[in-house]
Amino acid sequence: MIQITDIKVALDDMNYEYLKSAAAKLMKVAPAEIRSIRLTKKSVDARKKDNVHFVCSVECALKSDKTEKLVLSRGKNKNISGAAQYSYYIRSAPKLPLHPVIVGSGPAGLFAGLILALGGQNPIILERGGDVHTRRKAVDNYFSGGELDTSSNVQFGEGGAGTFSDGKLTTGTRDHRIRYVLEQFVKAGAHEEILYSAKPHIGTDVLFNILLNLRAQITSLGGEYRFLTKLTDINICGGRVNSVITECGGKIEEIPTNHVILATGHSARDTFEMLYGKGIAMIQKPFAVGARIEHPQEVINKSQFRQFYKHAALGAADYKLAVHLPDGRGVYTFCMCPGGYVVAAASEENSVVTNGMSCFARDGANANSALLVGVNTSDFGSEHPLAGVEFQRKIERAAFEYTHSSKAPAQLVGDFLRGVKSTGFGGVVPTYRPAVAMGEIGCCLPEFVTESMKQGILLMDKKLHGFAQDDAVITAPETRSSSPVRILRDENLQSPSAAGLYPCGEGAGFAGGIMSAAVDGIKCAEMILQDFTELTDK
């Protein structure tokens, strides 16, 4: 197989026939010599606004091995090389004497469960929230103005917080397991384009069925899901985990186990408190807070693509912006949702939290993104390991006290920059449900955060024209971008406080998105298989 990178393709030419012709020209062979061609990467190059185009990579198989060797032997084109062959091997191991337990069914827990199930270990997956159908009903009810279900919401339930955030799969992680994760998503029903898109996403609407299919695979292999089941304690004997205590519908149960993967997600605050009380080593971790900013999607499209903004091949434009302020603070956008919606993401009563999501089509009228300001541990006001949790909670409760409901405080960008309360919205209709309360977002955010956001918006507008649009809407607060704690682990991925306890994923402070969390879950599962194999080999 031959890999060819950096093929520039005009918007109107994006098809396999063109790719085949371009690849043949670069290899200096006839198109008929190509037996098969596969697109491996596709990105948009919009740096020059008068020449927006695609940049692609492909893998080609030629009909003749002799011709393929000749192409590779020339070595004159740095963009032509032998294609790397990829495969993922799941280590076989003797069956564990006790079921491994996974706490949480987000990306980390999901893929840890899949690997352990494929390894014949019959994992038990504990999920404090409901299955995806139960969870959807609870979330829809809350979005419609009903009461918050503190067990099943945007943060808790099958699939974790990523289920209601568009399923963005972009990651800076460089790991051979990334390909495996993408392939499993495709097998479970994701569109094949996630295998080659430079910025892959699944879409919240598609994720629901994918979760059902992955769960069915795990249970068919002997894994077990226990929904609406909360971890309340971990028993440690002789420095090693020997059981977990759970609660489901008022029923308490002890599950014997020597291996626990903690994949709780970043919002399991009561679990953090339980672990701290047991002396599990953890430290403060910097994170970020801010708000959601909404613009008309058409404004973003025009700014990014100029005269090509309506071209059908492009779809909704996205952006990723970051600036550094004179005082050293960083301001950046995160979890950008083209054609998406701002959603209510609280998991505790008497609090307001925002997040963003998109469906696969990304065809909503607005674009939204988190606009975040870096928060250092020195901002927490305490050296307690859970001080960051209280920092978040204070903001979320202040927002609730401002609106006296699940409505979120919102403000027009122009009013925010001028320091004026907003009394209504303009051309940009906020998408947050159940509703926003127009006023000022400074009601809940620290002054250093709002002042940094103001500077950041003006600087970002120089990079993305229209970002400081007067009637764009800011909805607050966004506090759950990452975990405020790191649960420590050693080189074997186990807690130094308890052998057999594997802090994992975003909640433990070792991931920053769906893909990195999934990879971390796989690593922890691999370590369990390796750990037990080595023990039995001795």
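Model, not experiment: these values are computed from the prediction.
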Testing the basics here: between Ala498 and Ile280, what is the closest heavy-atom pair and its distance to 0.1 Å?
CB-CD1, 4.3 Å

Please examine the side chains of Cys60 and Ser36, heavy atoms only from C-beta on, and report whether any two atoms are closer than 4.5 Å.
no

Taking everything shown except Lys285 itself, do over 12 heavy atoms lie less than 6.0 Å from its NZ?
yes

Can you find a pair of side-chain heavy atoms, one from Arg329 and one from His324, that are under 4.5 Å apart?
no

Look up atom CD1 in Ile283 and atom CG in Leu488, then write down how far apart they are to the nearest 0.5 Å.
5.0 Å

Establish, yes or no, whether a centroid distance under 6.0 Å links the rings of Phe380 and Phe287.
yes

Ile218 CD1 to Ile125 CD1 distance, which is reported to the nearest 0.5 Å:
4.5 Å

Is it the case that the ring center of His133 lies less than 6.0 angstrom away from the ring center of Phe208?
no

Taking all non-hydrogen atoms of both residues into account, name the closest pair between Met282 and Leu275 and its distance.
CE-CB, 3.7 Å

Run the numbers on Glu273 and Arg269 for salt bridge (Lys or Arg N to Asp or Glu O under 4.0 Å), then give the verdict.
CA-CA 6 Å; Glu273 291 166 1; Arg269 294 167 171 174; over 6 Å; no

Distance-only polar pair, side chains of Arg480 and Ser347, donor-acceptor under 3.5 Å
yes

Under 6.0 Å between ring centres: does that hold for Tyr180 and Phe185?
no

At their closest point, which heavy atom of Ala345 faces which heavy atom of Thr354, and how far apart are they?
CB-C, 4.1 Å

Roughly how far, to the nearest 0.5 Å, is CG of Asn350 from CZ of Arg397?
7.5 Å

Output for pair (Leu372 CG, Tyr332 OH), nearest 0.5 Å, gives 4.5 Å

Is any side-chain heavy atom of Ile234 closer than 4.5 Å to one of Leu231?
yes

Contact summary for Ala112 and Ile261, nearest pair of heavy atoms:
CB-CD1, 3.7 Å

Chi angles and distances behind the side-chain contact (heavy atoms from CB on, under 4.5 Å) call for Asn355, Cys335:
CA-CA 9 Å; Asn355 197 2; Cys335 187; 4.2 Å; yes

What are the two closest heavy atoms between Pro409 and Val352, and how far apart are they?
CD-CG1, 4.4 Å

Lys42/Glu193 salt bridge by N-O under 4.0 Å criterion:
no

Compute the centroid of each ring, for Tyr86 and then for Tyr88, and state whether the two points are separated by less than 6.0 Å.
no

Charged N to carboxylate O under 4.0 angstrom, Asp233 versus Lys278?
yes

Stepwise side-chain contact (heavy atoms from CB on, under 4.5 Å) check, Met274 with Thr232
CA-CA 7 Å; Met274 179 271 288; Thr232 60; over 6 Å; no

Do NZ/NE/NH1/NH2 and the carboxylate oxygens of Asp520 and Arg489 come within less than 4.0 Å?
yes

Side chain to side chain, Leu386 and Val485, heavy atoms closer than 4.5 Å:
yes

Can you find a side-chain donor-acceptor pair between Asn122 and Lys95 that sits under 3.5 Å?
yes

When rounded to the nearest 0.5 angstrom, what distance separates CG in Asp379 from CG in Asn376?
5.0 Å

Quick one: do Arg486 and Glu506 make a salt bridge, cutoff under 4.0 Å?
no

With a 6.0 Å cut-off (strictly less than), is the heavy-atom count around CD of Glu253, excluding the residue itself, greater than 12?
yes

Using side-chain contact (heavy atoms from CB on, under 4.5 Å), reason through Tyr142 and Ser406 one step at a time and then give a plain yes or no.
CA-CA 9 Å; Tyr142 183 52; Ser406 56; 3.5 Å; yes

Heavy-atom closest contact (Gly113 atom, Pro123 atom, distance)
O-CG, 3.6 Å

Between the side chains of Lys251 and Glu247, is the shortest nitrogen-to-carboxylate-oxygen separation below 4.0 Å, so that they form an ion pair?
no

N-O pairing of Asp175 and Lys523 below 4.0 Å:
yes

Answer yes if the side chains of Asp131 and Thr134 hold a donor-acceptor pair under 3.5 Å, and no otherwise.
yes

CA sep, side-chain torsions, deciding dist, call: Thr479, Glu396, side-chain hydrogen bond (donor to acceptor under 3.5 Å, both in side chains)
CA-CA 8 Å; Thr479 51; Glu396 296 164 9; 2.6 Å; yes

With no hydrogens and no angle check, just 3.5 Å: does a side-chain donor-acceptor pair link Gln3 and Ser57?
no

Would you call Glu478 and Arg292 a salt bridge, using N to O less than 4.0 angstrom?
yes

Rounded to the nearest 0.5 Å, what separation is found between the CD1 atom of Ile102 and the CG atom of Leu126?
9.0 Å

Do Glu127 and Arg226 sit within salt-bridge range, that is, some charged N less than 4.0 Å from a carboxylate O?
no

Salt-bridge present (Lys230, Asp270; N to O < 4.0 Å):
yes

Among Arg136, Arg215, Arg135, Arg128, find the one that has a salt bridge (charged side-chain N to carboxylate O under 4.0 Å, His left out) with Glu158.
Arg215

Are Gln85 and Met1 close enough that some pair of their side-chain heavy atoms sits under 4.5 Å apart?
yes

Evaluate Leu529 against Leu116 for side-chain contact (heavy atoms from CB on, under 4.5 Å), listing each step before the verdict.
CA-CA 8 Å; Leu529 296 177; Leu116 288 174; 4.0 Å; yes

Should Glu390 and Arg393 count as an ion pair when the cut-off is N to O under 4.0 Å?
yes

